[in-house]
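Okay, so here's the structure we're looking at.
Chain naming here is simple, since letters A, B, ... match the order of the sequence lines and numbering starts at 1 in each.
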2 protein chains.
Amino acid sequence: MKKNIRIKDIAKKAGVSVGTVDRVLHNRGEVSVVTKEKILSIVKEFDYRPNILARALTLKKVYTFAVLIPYADNNNPYWAYPLKGILHAEQNLKDYNIKIEKFFFNQNSKKEFRIQFENLIKLNPQGVLLAPVFSDEVQEFTSKLQGNDIPFVFINSDKTNSKRLCFIGQDGFQSGLVAGRLASINLNKNDTILVVNITGDYKSKEHFVNRNNGFSHYFKEKPYKIIQIELKDNFTHVFDSVIAANPSVRSIYVTSSKVYKVAEYLKENSLKHIQLIGYDLIEANVKYLNHEYIDFLISQNSVKQGSKGINYLFKAVVKNETIEKQDLMPIDIITKENVKYYGA
Amino acid sequence: MKKNIRIKDIAKKAGVSVGTVDRVLHNRGEVSVVTKEKILSIVKEFDYRPNILARALTLKKVYTFAVLIPYADNNNPYWAYPLKGILHAEQNLKDYNIKIEKFFFNQNSKKEFRIQFENLIKLNPQGVLLAPVFSDEVQEFTSKLQGNDIPFVFINSDKTNSKRLCFIGQDGFQSGLVAGRLASINLNKNDTILVVNITGDYKSKEHFVNRNNGFSHYFKEKPYKIIQIELKDNFTHVFDSVIAANPSVRSIYVTSSKVYKVAEYLKENSLKHIQLIGYDLIEANVKYLNHEYIDFLISQNSVKQGSKGINYLFKAVVKNETIEKQDLMPIDIITKENVKYYGA
DNA sequence: TATAATTTCGTGTGCGAACACGGCAATAAA
DNA sequence: TTTATTGCCGTGTTCGCACACGAAATTATA
């Protein structure tokens, strides 16, 4: 393990001054082709990597990253968690002069999304982390970013067509498979499984479609009856009739973090014999998990998604490292017994 | 979010030079009580934290950490994983002049452990990460470390009596509960569950005792029969008779990472109707998980344990931060469907 | 009072990288 | 030949911190 080579060392080897080496490294011209070539070859040979500590120290320049995600509220607590991770990463990178500007929008409002991304663009950040909720708007937005040479990272869901730096999230299909495995526990032949999609006005459904597909795929050639229903936020009435019409329902799979709403329903109607599986460790879900109305939660590590997003921007923009185009988070299986280790 | 205060700022506020501030901060004396008090109060008021970038840059001093863990081999692949994490963390901290010296010993040889820790002591590292396998020897070792003011971190298992900086590992009891939950899936009343302890010559059993206790606790007041057996590495013969004597065994819980040996047995004897649960994502286990001879693996994040261990030493020794006395890793539940996300 | 010993404090240098600035040579324009 | 203009390159400073060195102020001793 030998020491890292420094600019000074390169200069000595090339028989020039550090200033010259620096000019080559930063493409600031004013260097003859001959010496440039020579320096570059040395750089390559000894695998020069700038000492980022020294760089961060000397650069008064503050890197600004921007985040564009939905805001969280009572009816939509999910996005509080990625935000937590983002703040955590910000804290971690404080020494490196990284500032993170946050822009929030209503998950159901394309208009707000558009307003916020206009604001964001004005800021001219060095990198962007965003949740690509509305396909068309995202397309438009990312084109602009590309035009300004601003790299961007997707979080939570993906739009493969765009030239993102990276996507951080979960493989929805695969998590559907896991859900299938969990939903079929303790079931008897001919029992019924209910799949519940609570999407509200949510427009970007790809995520949920993948989960459904994975789930269905798991049950090919398995002897269970599966019913799928689509619900709005306020669904008690609809649910009553579905349950009444299907008394053999023994297992429910909710494809989103709103599983706590179904849990609430099960509790109020004393339906503890029905297994319940859903997504994400938000507070309400954890409560029902502990009270055994929810049997399994699938976590997509939303907090970590946030911190990873920022860290990838840091690596790519500040450290100039190449990063993987995709980081699929583990599909954590959470029960009452192990939930306490996934909290913070 | 205002700028961090610097030594220079403190100096100005106190009406002294940076040298004086520095002397106070590092307790190098040669400062009058009055000015010392004044400086300390300013430090406190403005929550001064040294810029670790600048510090790492200026300190030619190389921090040396030492690691003392069992080595991995074919019959004992486990420790390859924490080592992986350790190497990863080392890579990450390269810029900070951290060197990590590794010392390995045979898991069953107190003699080797002793030899290696003598070697380690000679190195006089700034911090130590160790697996406290042999109680008495560890006691002796850690006393010496304390005598030399060398902080140390435990990994994988704990010895609460010693003055460790921190313990990183899993709550064995709690993981036993999780195993209980998983082992009782799809069971009928009066089915039998077999608990298998494969400990070899392994002397430090606390870890496994905790897992057993947690498992037993889960089954209090549950209508299943539970049998516990203790096996050496070569157990085929014994196992034959146990299975023969208990045809109602429908679920097996192996309390260690050697569950692949039981899986092998199940495969050779075509006992696919028996559920199998064990620990750790070592290669052999993953293979049988994919072939559905193992139903669930409980992962204790051994790789991450390694990297965390080093990072805690870094935080405590280099950054001078206080750290939690204990970091309990999540109890990851792994199935065929989600295993691929826990690999690296 | 003069000198030595000690306490108390300030200054200067270096870590590695970034960049402004200025210098020297070769060539072009006067 | 003199004066600009350009191409090419070296020097010096800065970032925040650590530490060596030495200077001043204070106290002790002759």
Problem set entry | Among dA18(C), dC9(D), dA18(D), the nucleotide that comes nearest once only the side chain of R28(B) is considered |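 Looking only at side-chain atoms, R28(B) lies closest to dA18(D).
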
Problem set entry | Proximity to the side chain of S32(A) - top-ranked nucleotide from dC9(D), dG16(D), dA17(C) |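 From the listed options, dC9(D) comes nearest.
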
For this session: Please check if any side-chain donor atom of D332(A) sits under 3.5 Å from a side-chain acceptor atom of Y342(A), or the reverse.
Result: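 On atom types as modelled, these side chains do not qualify, holding no pair under 3.5 Å.
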
Exercise. So, Y78(A) and N156(A): side-chain donor and acceptor under 3.5 Å apart, yes or no?
Worked result: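 Indeed, the side chains of Y78(A) and N156(A) share at least one donor-acceptor pair under 3.5 Å.
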
For this session: For dG16(C), take OP1 and OP2 only and decide whether either is under 4.0 Å from a side-chain N or O of Y48(A).
Result: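 No, outside the criterion.
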
Exercise. If you look only at pairs with a residue in residues 27-39 of chain A, which of them pass as a salt bridge (charged side-chain N to carboxylate O under 4.0 Å, His left out), with sequence neighbours excluded?
Worked result: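 Non-adjacent pairs meeting salt bridge (charged side-chain N to carboxylate O under 4.0 Å, His left out): D22(A)-R28(A).
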
Please give, in whole Å, the distance from [N] [atom2] to [X] [atom1]?
{"X": "H26(B)", "N": "dG16(D)", "atom1": "NE2", "atom2": "P", "result": "16 Å"}
{"X": "R6(B)", "N": "dC17(D)", "atom1": "CZ", "atom2": "C1'", "result": "12 Å"}
{"X": "D9(B)", "N": "dG16(D)", "atom1": "CG", "atom2": "P", "result": "8 Å"}
{"X": "I7(A)", "N": "dT11(D)", "atom1": "CD1", "atom2": "P", "result": "15 Å"}
{"X": "K36(B)", "N": "dC9(C)", "atom1": "NZ", "atom2": "P", "result": "12 Å"}
{"X": "D22(A)", "N": "dC8(D)", "atom1": "CG", "atom2": "P", "result": "17 Å"}
{"X": "K12(A)", "N": "dG10(D)", "atom1": "NZ", "atom2": "P", "result": "14 Å"}
{"X": "R55(A)", "N": "dG16(D)", "atom1": "CZ", "atom2": "C1'", "result": "18 Å"}

Look for any protein N or O under 3.5 Å of an N or O in nucleotides 11-14 of chain C and output each such pair with its distance, or none.
unit_1	atom_1	unit_2	atom_2	d
dG14(C)	N2	T58(B)	OG1	2.3

Problem set entry | Validation row: F105(B), F134(B) side chains within 4.5 angstrom (heavy atoms) |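 Yes; the side chains approach each other to less than 4.5 Å.
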
Exercise. On DNA chain C, nearest-nucleotide positions of T35(B) versus A54(B): which is more 5'?
Worked result: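 Its nucleotide being nearer the 5' end, the pick is T35(B).
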
Problem set entry | Closest non-hydrogen atom pair between A11(A) and V18(A), with its separation |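 For A11(A) and V18(A), the tightest heavy-atom pair comes out as CB-N, 3.8 Å.
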
Problem set entry | More than 12 heavy atoms of other groups within 6.0 Å of Q326(A) CD |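 Buried by this count: over 12 neighbours within 6.0 Å.
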
Exercise. What residues, two or more places apart in sequence or in another chain, satisfy side-chain hydrogen bond (donor to acceptor under 3.5 Å, both in side chains) together with D171(B)?
Worked result: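 Residues passing side-chain hydrogen bond (donor to acceptor under 3.5 Å, both in side chains) with D171(B): Y341(A).
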
For this session: Remember a base hit wins even if backbone is also touched, and classify N51(A) as base, sugar-phosphate or nothing at under 4.0 Å, heavy atoms.
Result: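 Sugar-phosphate contact only - N51(A) comes under 4.0 Å of backbone atoms but never of a base.
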
